[in-house]
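One structure is given below, encoded as structure tokens.
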Amino acid sequence: MDYNNQNPTFHNAGATMAAASLFLGLGAVFTVLTVFLPLAFGGLAILFALLSKGYGKKMLSQARIGFGCGIASLCTVVFLFTTTFISMVSNPDQLIQIGKQYDAICENMYGQSSEDLLGYSFEDRMRQYADFFN
């Protein structure tokens with residue numbers, strides 16, 4: 001057999017991690033409104049992007065896209081958490097309204113009040129939170 005005419009193929013060791021980073025980064029972007037999934041997907045996308053680099057000086061384009069998507073989704077989730085928390089703290093009456101809505105939903109779905117089912121009403125619980133923030 002003559003092996004002189006065969007071209008060796010080189011496989012980049014970080015290509016698999018770069019592809020995983022791209023997949024997880026896009027998953028983090030598409031699940032940004034589910035709250036917890038983008039935290040896991042975005043963090044893993046960043047980790048895999050950095051690990052795909054190895055000792056090389058440049059990241060593959062897949063890893064760069066995954067890294068960027070991971071960062072963007074984490075920033076978006078932190079922004080949404082922060083604005084929601086500030087909104088709830090600045091307007092505690094909104095918490096009480098949410099509790100009333102949950103009580104009404106529970107009553108419609110199960111035919112019993114949330115106090116009968118759970119031992120407390122959502123309105124009372126939200127009123128406690130509103131008092132805590134004031």
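For this chain, numbers begin at 1 and follow the sequence in order. All values derive from a computational prediction rather than experimental measurement.
For Thr82, the side-chain contact (heavy atoms from CB on, under 4.5 Å) partners are Val78, Ile86, not counting sequence neighbours. By the side-chain contact (heavy atoms from CB on, under 4.5 Å) test, Ala45 is found to be paired with Ser21, Leu24, residues two or more places apart in sequence or in another chain being considered. Under the ring pair (Phe, Tyr, Trp, His ring centres under 6.0 Å) criterion, Tyr110 pairs with no residue at all, not counting sequence neighbours. Every residue meeting the side-chain contact (heavy atoms from CB on, under 4.5 Å) condition with Leu50, not counting sequence neighbours, appears here in chain and number order: Ile46, Met59, Phe67. Phe85 is linked by a ring pair (Phe, Tyr, Trp, His ring centres under 6.0 Å) to Phe133, counting only residues two or more places apart in sequence or in another chain.
Identified under the salt bridge (charged side-chain N to carboxylate O under 4.0 Å, His left out) test for residues 85-111, with sequence neighbours left out: none.
Across every non-hydrogen atom of Ala49 and Ala63, the tightest pair is CB-O, 3.4 Å. Closest approach of Thr84 and Leu80 over heavy atoms only: OG1-O, 2.7 Å. The nearest pair of heavy atoms linking Gly43 to Leu74 is N-CD1, 4.2 Å. Scanning all heavy atoms of the two residues, the minimum distance from Ser52 to Met17 falls at CB-CB, 3.7 Å. Scanning all heavy atoms of the two residues, the minimum distance from Gln62 to Ala15 falls at OE1-O, 3.9 Å. The two residues Ser73 and Ala28 have their closest heavy-atom pair at OG-CB, 3.2 Å.
No donor-acceptor pair under 3.5 Å is formed between the side chain of Thr31 and the backbone N or O of Thr34.
A continuous path of ILVMFWY side-chain contacts below 4.5 Å connects Val35 to Val32, so both sit in one hydrophobic cluster. Under the 4.5 Å side-chain contact rule for hydrophobic residues, Val29 and Leu33 do not share a cluster. Connection of Leu26 to Phe36 is not established within any shared hydrophobic cluster, with ILVMFWY side chains joined at heavy-atom distances below 4.5 Å, either directly or through further cluster members. The cluster map of Ile, Leu, Val, Met, Phe, Trp and Tyr, joined by side-chain heavy atoms under 4.5 Å apart, puts Leu39 and Phe41 in different clusters. Grouping the Ile, Leu, Val, Met, Phe, Trp and Tyr side chains by contacts below 4.5 angstrom, directly or via other members, places Ile105 with Ile98.
Here Arg64 contributes atom CZ and Lys53 contributes atom NZ; the two are 11.0 Å apart, rounded to the nearest 0.5 Å. The OH atom of Tyr129 sits 5.5 Å away from the CZ atom of Arg125 when rounded to the nearest 0.5 Å.
For the pair Ile65 and Cys69, the minimum side-chain heavy-atom distance is below 4.5 Å.
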